[in-house]
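Down below is the structure, laid out as structure tokens.
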Amino acid sequence: MLVRIGLLTDGGYPYATGDSRLWCDRLVRGLTQHEFDLFALSRTAEQEAQGWVQLPVHVSRVRTAPLWTADEDTLGLHAPRGVLSRLLTGGGARSYGRRERRRFTAHFTALATSVCSAGATGGERGEGEDPAGRGAPGEAAGSEDARFTEGLYGLAELACEHGGLPAALRSETAVRILEAACGAPGTGRTVQSATVPDLLAFAAELDRVLRPLSLDWYDEESLGAVDLCHATSGGAAALPGLLAKRFFGVPLLVTEHAVQLRSHYLAATGTPLSAPVRALLANFHGRLAGEVYRQAALITPGNTHARRWQERCGAEPAKVRTVYPGMESGRFAALGENEGDGGPDTLVWVGRIEPAKDLIALLHAFAEVRRAEPDARLRIIGAPAQGPEGAGYFAHCRALAAQLFPDEAADAHAVGDNPVSFEDIGGVEVPDLAHAYAAGGVVVLSSVVEGFPISLVEAMFCGRATVSTDVGAVVEVIGGTGLVVPPRNPRALADACLALLRDPERRARLGAAARARALELFTVEQNLAAFRGIYLELISRAPVRREAAAAHGGPRPFATPPEAHVLGLWPEPDEGSAPEPAERTPSWAGARGAGDGDV
């Protein structure tokens, strides 16, 4: 059965770099019985410069749009070019006619009021508190949600008919509306303290996040032609899916391996944005997440940790189904089937060197291990995160290692007799990832923040015993096949490592159990089987959106009938057969070209 899937991505597939790129590629290549249209948002010019991965033949079309520029030639926005040019060069909402200005003011006021309202979301809460930030449910929360959706879809319809949202959202009218909404009674103290520069910064961020509303993807030849929209994350990626459902009745499936709202909370703390701007953005993302979860036909988190966040942010438990991300197990097969124990006195850490991985705690823990077991070694295998922060953290870790082991200074790459080594994958000692896990008898994860722990699953495929911190989905992934300790606790981490280093039989037993668990739950094959069933389930529940194809035929539920892909000539309809009906087209969807992002 052929189904046409609209795959919605944000900063990932089909670009060669980005989030969930490998997972999306495996999904598309594994479901060859379906046809895929890609609708991709890019994050940076550097990402676009890296190019795309090679796409399989059943990807019929790719539409792309950047979230990092306001240039009209790359956005593919709705509106005649002359009108759009005036809007993007400073005309703002004033370039609309009187009726359009009133519509923009009304819709943006509704959205701004809901975002600025106190208790809307977790904008003024810590991460450990209620992530939805809604407090006790009631009529107030429901009315603010309704006001948000009224504003969001009203702005989308305005953009589809007249264009101009990027400039309108940055206009003086928009800033005045935000100023009034922030100062209204009942808003939080942080939001009320917003200054004009804060409002300008928030308007610029809002323009970027709402950029998908202004794209030319919403007609019967684009998102209206697919049978199912599959958003590979929440947030901006899901916005086209919301509009496809509203305008065309296309069902929406949302997959989140890391909850977009949680990711925003974590990322916001490291930005130079002021507290009022961070609070407003958190409120907006919370409202948007709630609307995405309400409209999705099904939500598939990548783990139970993500599922808890989604349900606390408004997702109905009946619509949430955990589907673990599939990973390639073949490249670890030889190591996993080998009964060898690697370096029995060696701890191995594998990953990207950055503050969230808390290598500082690991180094302090290893100092305790070294005092108890003088022959123990620690191999840190991986490259620092890109940018000055990653380089600075890497330098700090090396300096700490030299300080903790002054008589045996840690070298950058050499292994030798040094108790701690920092190594890259691809060198002589560690030519590939499998060799990294083969380098030790115990694999350690010391993170303070983690979503789905990929390195942990890879170690399990390799049959390695593990010691991990209790963060993210670690406990769910391990399932009793490894030792788990509290984060930021070097003493507990050291004790767990010593327990496994001193007990080879226990290491072997846990490693074998870990490999069996990983092969059962975390392979590409189980992930593909799950989505194969989900696609057909959602299509079977979706209403038929097209009229009868002929007098003697039944309704045509799919965008592309399966016989269209079979070679050969097909008979013409009988003379008495009804002609192919015209597709329904919204009143605002005029004739448009394919756009710069078409393939």
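Computed from a prediction, not measured in an experiment: that's the story for all the values here. Hydrogens, waters and symmetry mates are skipped; everything else that's a heavy atom, side chains included, is used.
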Quick one: do [X] and [Y] make a salt bridge, cutoff under 4.0 Å?
X      : Y      : answer
Glu311 : Arg308 : no
Asp145 : Arg294 : yes
Asp37  : Arg63  : no
Arg61  : Glu35  : no

Distance-only, no hydrogens or angles: does the [X] side chain make a donor-acceptor pair with backbone N or O of [Y] under 3.5 Å?
X      : Y      : result
Thr9   : Tyr13  : yes
Ser222 : Asp219 : no
Arg26  : Gly326 : yes

| query | When the ring centroid of Trp23 is compared with that of Phe452, is the distance short of 6.0 Å? | reply | no
| message | Counting the benzene-type ring for Trp, do His230 and Tyr535 have ring centres under 6.0 Å apart? | response | yes
Kindly give the heavy-atom pair with the smallest separation between [X] and [Y], and that separation in Å.
X      : Y      : answer
Ala436 : Val348 : O-CG1, 3.4 Å
Ala438 : Arg464 : CA-NH2, 3.5 Å
Pro487 : Thr469 : CA-CG2, 3.8 Å
Ala542 : Pro251 : CB-CG, 3.9 Å
Ala236 : Leu41  : O-CD1, 3.7 Å
Tyr218 : Leu213 : CE1-O, 4.0 Å

[X] [atom1] to [Y] [atom2] distance, which is reported to the nearest 0.5 Å:
X      : Y      : atom1 : atom2 : value
Ile539 : Leu228 : CD1   : CG    : 5.0 Å
Gln295 : Lys319 : CD    : NZ    : 7.0 Å
Thr304 : Arg307 : OG1   : CZ    : 7.0 Å
Ser20  : Glu256 : OG    : CD    : 10.0 Å
His34  : Ser60  : NE2   : OG    : 13.5 Å
Asp207 : Leu67  : CG    : CG    : 9.5 Å

So do [Y] and [X] actually touch side chain to side chain, heavy atoms under 4.5 Å?
X      : Y      : answer
Leu27  : Thr232 : no
Glu450 : His305 : no
Asn527 : Val323 : yes
Leu111 : Leu206 : yes
Leu528 : Arg29  : no
Leu8   : Leu223 : yes
Leu242 : Leu288 : yes
Trp349 : Ile381 : no

| task | With side-chain contact (heavy atoms from CB on, under 4.5 Å) as the test, would you mind laying out the steps for Lys357 and Ile353 before giving the verdict? | result | CA-CA 7 Å; Lys357 304 302 182 182; Ile353 299 173; over 6 Å; no
| Can you pull the salt bridge (charged side-chain N to carboxylate O under 4.0 Å, His left out) pairs that have at least one residue in residues 470-483, sequence neighbours excluded? | none
| field | Enclosure of Glu537 CD (heavy-atom neighbours >12, cutoff 6.0 Å) | value | yes
| request: Would you indicate whether His58, at its atom NE2, is surrounded by more than 12 heavy atoms from other residues, nucleotides or ligands within a distance under 6.0 Å? | output: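 Enclosed.
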Polar side chain donor-acceptor pair, [X] to [Y], under 3.5 angstrom:
X      : Y      : result
Glu291 : Tyr153 : yes
Tyr324 : Gln526 : no
Thr255 : Thr300 : yes

| request: Given side-chain contact (heavy atoms from CB on, under 4.5 Å), test Leu521 with Val457 step by step and report yes or no. | output: CA-CA 10 Å; Leu521 297 177; Val457 176; over 6 Å; no
| query | Who pairs with Phe39 by ring-ring contact (aromatic ring centres under 6.0 Å, His included), at least two apart in sequence or on another chain? | reply |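 Phe39: ring-ring contact (aromatic ring centres under 6.0 Å, His included) contacts with Trp217.
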| field | Single hit among Arg517, Arg515, Met327 for side chain to side chain contact (heavy atoms under 4.5 Å, CB included) with Met460 | value | Arg517
| request: Show the numbers, then the answer: is there a side-chain contact (heavy atoms from CB on, under 4.5 Å) between Val320 and Tyr293? | output: CA-CA 9 Å; Val320 183; Tyr293 297 152; over 6 Å; no
| Can Val442 and Val467 be said to form a side-chain contact (heavy atoms from CB on, under 4.5 Å), step by step? | CA-CA 7 Å; Val442 178; Val467 174; 4.0 Å; yes
